Peer 1: 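Before anything else, here's the structure in question.
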Amino acid sequence: MTEKLLLYGGALQQAGAVRMKGEQRATQSDFMEMEKARGISISSTVMSFDYNTLHVNILDTPGHQDFSEDTYRALAAADNAVMLLDAAKGLEPQTRKLFEVCRMRKLPLFTFVNKMDRPALSPYEIMDQIEQEFGLETYPILWPIGDGERFKGVLDRIENVVHFFDRGDRKSKAEVEQVPMSDLATLKERINDEELFEKLLEDQELLEELISPLDMERVYKGEQSPLFFGSAMTNFGVQLFLDKFCDMGTKPGGRLATRKEEAKGKKSKENTNTSDDDDADELISPDHGEFSGFVFKTQANLDPKHRDRLAYVRIVSGSFIKGMKVGHSRSKPGKKYNLAQAQTLFGSDRESVEVAYPGDVIGINNPGNFAIGDTLFTGNERIAFPGIPSFSPEKFAYIRNPNPSTYKSFQKGIDQLLAEGAVQALRQRNDDGGGPLILAAVGQLQFEVVQARLKSEYNVESDLEPIGYTLARWADGGWDAVDKADANGKLFGIMIVQDRWGRPVLLFRNDWKAAGVAEDEKYLELKPWSKPPMMFD
């Protein structure tokens, strides 16, 4: 779908395929070797292009549930979300996770039902699934005429025009024929299927009578979702969707944040980490005079030849100007960082940028200072947007380097992948780095990605040894609280480890045990997520 949006947006001359066959070109958004080989997205990607009078940023996110945390981070930078459904399958587990994140972020949600060129569920059944599962009302804008081999095109209910498509070259734009609904004779002839023609007329009348009117205020609140049907593979309805989305989608908005006077050289309790959602009570609007933005992703080795590292920054307010100096939400007050270079992003391709504006996503060089969730800002007020937490992993494994001669490359690869958030790292208590490293992930595929990237990007092998725990909880009460619970025999069967910043983490074998300890030993202050700590360097 992303490739076809880029094709119709004029950013590509030829759309690629997720799974390459013969002479097919690889997708621009899936550029890692493992993505090409498996035909899945494993990392979110930024694709920027100009369309008509708009500048569009597509944040292409992984669809597999093992990478849902990466999707969550990307959605933190989004102003709108597109939920892509398989017409034959309807709602899937990863779709439900996406929706919950969108609801939490209060994002306008546009729904595109894909693969209508294959046998599909009834569009009414898909609408019922969405409403029953999510309590979300849909408003069909592009309505399908048939499915599978009988898929003829779509009815644009806003313009009351039917768009017919010819099955042609899947890599280039489709030929489109438009017929107004008032021209029944031409419609009947063009559809050439009495049953489908009668059903189109019946559906049009039924939808007008039963569906609540489109209310953009409700759309922007996430209470109603514009619904589209089409087929990205055969280019049915893609440009129509892009045009409607650009007309209806909300423009870059502000973000809630905490604001405090920047006090140079002082270390005080006011120097908070990235702010909690409950503390962020002041809106930083796009027209706020000072620059502000937040890091929602870091990436290593976009150019393997140069071993580069980038931090992806979503600009919230003001303007980025090349060479500007910015404050950092986790650094000591008064410390500034020089943003000497920045790039606009198009998958793995980059282009230097001198100026950027609210809503833009830029890549800045990251020598290791910037982490996911960090806020960058200018001016005399210290701004911190709500942080982007790391969630509780569900898979754990020791990772070891079987070849001591590649120790440095192995360690460099692990450090950079951890900085990206590809997985989380845990160690035994008081381990200063000499003991075995524990990788923690949401899903098994994350482990496979780490091993594959260690091999392809750093040329090192690795061995994994699974550990039989199923969830982690950070003990915000600190090590004294953990020692108290341990001394009282409350942590029997629980593995006590530390995260990469030395903070206590408890590993549990099941939800029941974790819930019991959290309830009985409240002083532990167990939480299923964490954020990077303050740094004073």
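Every value quoted in this text rests on a predicted model; they were computed, and no experiment measured them. Counting begins at 1 with the first residue of the sequence.
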Peer 1: So which pairs with a foot in residues 101-122 pass ring-ring contact (aromatic ring centres under 6.0 Å, His included), sequence neighbours left out?
Peer 2: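 Those involving residues 101-122 are Phe110-Phe245, Phe112-Phe241.
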Peer 1: Just verifying a value: how many Å separate Leu200 CG and Glu195 CD, rounded to the nearest 0.5 Å?
Peer 2: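 So the gap between those two atoms works out to 12.5 Å.
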Peer 1: So how far is it from Arg157 CZ to Gln204 CD, rounded to the nearest 0.5 Å?
Peer 2: 8.0 Å
Peer 1: Shortest non-hydrogen contact from Ile364 to Ala342?
Peer 2: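 Looking at all heavy atoms of both residues, the shortest contact is CG2-CB, 4.1 Å.
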Peer 1: Mark yes or no for whether Asp374, through its side chain, and Ala371, through its backbone, hold a donor-acceptor pair below 3.5 Å.
Peer 2: yes
Peer 1: Under the side chain to side chain contact (heavy atoms under 4.5 Å, CB included) rule, what do Val238 and Leu7 come out as? Steps first, then yes or no, please.
Peer 2: CA-CA 10 Å; Val238 177; Leu7 173 68; over 6 Å; no
Peer 1: Other residues, nucleotides and ligands only: do more than 12 of their heavy atoms fall within 6.0 Å of NZ on Lys455?
Peer 2: yes
Peer 1: Kindly compute the distance separating CG (Leu439) from CD (Gln446), expressed to the nearest 0.5 Å.
Peer 2: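 Here the rounded value is 10.0 Å.
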Peer 1: May I ask you to decide if Ala232's main-chain N or O and Lys4's side chain share a donor-acceptor pair within less than 3.5 Å?
Peer 2: yes
Peer 1: Could you work out, with salt bridge (Lys or Arg N to Asp or Glu O under 4.0 Å) as the rule, every residue matching Glu202, not counting sequence neighbours?
Peer 2: none
Peer 1: Do other residues, nucleotides or ligands put more than 12 heavy atoms under 6.0 Å from Lys251 NZ?
Peer 2: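 Atom NZ in Lys251 is packed in, count exceeds 12.
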Peer 1: Quick check: does any side chain N or O of Thr375 sit under 3.5 Å from a backbone N or O of Phe294, one acting as donor and the other as acceptor?
Peer 2: no
Peer 1: Looking at Glu223 and Glu217, would you say the former's side chain and the latter's main chain have a donor-acceptor pair under 3.5 Å?
Peer 2: no
Peer 1: Do NZ/NE/NH1/NH2 and the carboxylate oxygens of Asp193 and Arg150 come within less than 4.0 Å?
Peer 2: yes
Peer 1: If I compare all heavy atoms of Pro144 with all of Phe151, which pair ends up nearest, and what's the gap?
Peer 2: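 Pro144 and Phe151 have their closest heavy atoms at CB-CE1, 4.1 Å.
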Peer 1: With a 4.5 Å cut-off on side-chain heavy atoms, are Phe385 and Ser292 touching?
Peer 2: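 A side-chain contact under 4.5 Å exists here.
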Peer 1: Side chain to side chain contact (heavy atoms under 4.5 Å, CB included), that's the test. Do Tyr312 and Gln299 meet it? Break it down for me.
Peer 2: CA-CA 8 Å; Tyr312 290 58; Gln299 180 81 47; 3.7 Å; yes
Peer 1: Of all the heavy-atom pairs spanning Ala120 and Asp147, show the shortest one and how long it is.
Peer 2: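 So the minimum-distance heavy-atom pair works out to N-OD1, 3.4 Å.
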Peer 1: Between Tyr139 and Asp215, is there a side-chain donor-acceptor contact under 3.5 Å, judged purely by atom types and distance?
Peer 2: no
Peer 1: Give a yes or no on whether the backbone of Leu54 and the side-chain of Asn52 come within a donor-acceptor separation of less than 3.5 Å.
Peer 2: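 Checked: no pair found.
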Peer 1: Taking the six-membered ring for Trp, are Phe99 and Phe134 parallel (under 30°), tilted (30 to 60°) or perpendicular (over 60°)?
Peer 2: parallel
Peer 1: Rounded to the nearest 0.5 Å, how far does CD of Gln341 lie from CD of Glu354?
Peer 2: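 Reported value, rounded in 0.5 Å steps: 10.0 Å.
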Peer 1: Side-chain contact, heavy-atom cut-off 4.5 Å: Ile211 with Met127?
Peer 2: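 Of all side-chain heavy-atom pairs linking Met127 with Ile211, at least one is under 4.5 Å.
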Peer 1: Compare all side-chain heavy atoms of Lys322 with those of Val353 and state whether any distance is below 4.5 angstrom.
Peer 2: no
Peer 1: Do Arg190 and Phe164 meet the cation-pi criteria used here (NZ or CZ under 6.0 Å from the six-membered ring centre, within 45° of the axis)?
Peer 2: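 The answer is yes, since Arg190 meets both limits relative to Phe164.
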Peer 1: Could you tell me if Thr250 and Asn80 have a donor-acceptor pair between their side chains, going purely by distance under 3.5 Å?
Peer 2: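 No, Thr250 and Asn80 have no side-chain donor paired with an acceptor closer than 3.5 Å.
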Peer 1: For Glu194, look at atom CD and say whether over 12 heavy atoms of other residues, nucleotides or ligands are found less than 6.0 Å away.
Peer 2: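 Yes, the 6.0 Å shell around CD holds more than 12 heavy atoms from other groups.
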Peer 1: Measure across Arg73 and Ile388 and return the closest heavy-atom pair with its distance rounded to 0.1 Å.
Peer 2: CG-CG2, 3.7 Å
Peer 1: Does Gln129 use its side chain to pair, donor to acceptor, with the backbone of Leu91 at less than 3.5 Å?
Peer 2: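 Yes; at least one donor-acceptor contact below 3.5 Å.
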Peer 1: What's the separation between atom CG in Leu184 and atom CD1 in Ile191, rounded to the nearest 0.5 Å?
Peer 2: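 One finds 9.5 Å between CG of Leu184 and CD1 of Ile191.
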Peer 1: Distance-only, no hydrogens or angles: does the Thr298 side chain make a donor-acceptor pair with backbone N or O of Ala311 under 3.5 Å?
Peer 2: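 Looks like no, no N/O pair under 3.5 Å.
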Peer 1: Is the shortest side-chain N to carboxylate O distance from Arg314 to Asp79 below 4.0 Å?
Peer 2: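 Yes, Arg314 and Asp79 are salt-bridged.
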Peer 1: Quick one: do the Glu351 and Thr344 side chains pair a donor with an acceptor below 3.5 Å?
Peer 2: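 Their side chains do not contain a donor-acceptor pair, so the 3.5 Å distance test is not met.
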Peer 1: Look at the side chain of Gln451 and the backbone N and O of Ser462, then say whether any donor-acceptor pair between them is shorter than 3.5 Å.
Peer 2: yes
Peer 1: Step by step, work out the side chain to side chain contact (heavy atoms under 4.5 Å, CB included) result for Leu418 and Val423.
Peer 2: CA-CA 6 Å; Leu418 291 177; Val423 288; 3.8 Å; yes
Peer 1: Tyr51 versus Leu242: any side-chain heavy-atom pair under 4.5 Å?
Peer 2: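 They are in contact (side-chain heavy atoms under 4.5 Å apart), so the answer is yes.
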Peer 1: Show the numbers, then the answer: is there a side chain to side chain contact (heavy atoms under 4.5 Å, CB included) between Thr234 and Met116?
Peer 2: CA-CA 9 Å; Thr234 53; Met116 287 301 300; over 6 Å; no
Peer 1: Answer whether the closest heavy-atom distance between the side chains of Pro140 and Leu207 falls below 4.5 Å.
Peer 2: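 Side-chain contact under 4.5 Å: yes.
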Peer 1: Looking at every non-hydrogen atom in both residues, tell me the closest pair between Thr470 and Phe396 and how far apart they are.
Peer 2: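 That would be C-CE1, 3.9 Å.
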Peer 1: Minimum heavy-atom separation for Phe296 to Ile372, with atom names?
Peer 2: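 Closest approach of Phe296 to Ile372: O-CG2, 4.0 Å.
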Peer 1: Nearest 0.5 Å, what's the CG-CZ distance between Asn192 and Phe197?
Peer 2: 12.0 Å
Peer 1: Between Phe291 and Ile315, is any pair of side-chain heavy atoms under 4.5 Å apart?
Peer 2: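 Heavy-atom side-chain distance check passes, below 4.5 Å.
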Peer 1: Can you tell me if CD on Glu189 sees more than 12 non-hydrogen neighbours from other groups inside 6.0 Å?
Peer 2: no
Peer 1: Heavy atoms, side chains only, cut-off 4.5 Å: are Asp50 and His55 in contact?
Peer 2: yes
Peer 1: Do Leu310 and Asn366 have side chains that get closer than 4.5 Å, going by heavy atoms?
Peer 2: no
Peer 1: Salt bridge or not for Arg309 and Glu420, using N-O below 4.0 Å?
Peer 2: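 A salt bridge is absent here (no side-chain N lies under 4.0 Å from a carboxylate O).
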Peer 1: State plainly whether the residues Lys244 and Asp247 are in salt-bridge range, i.e. N to O under 4.0 Å.
Peer 2: no
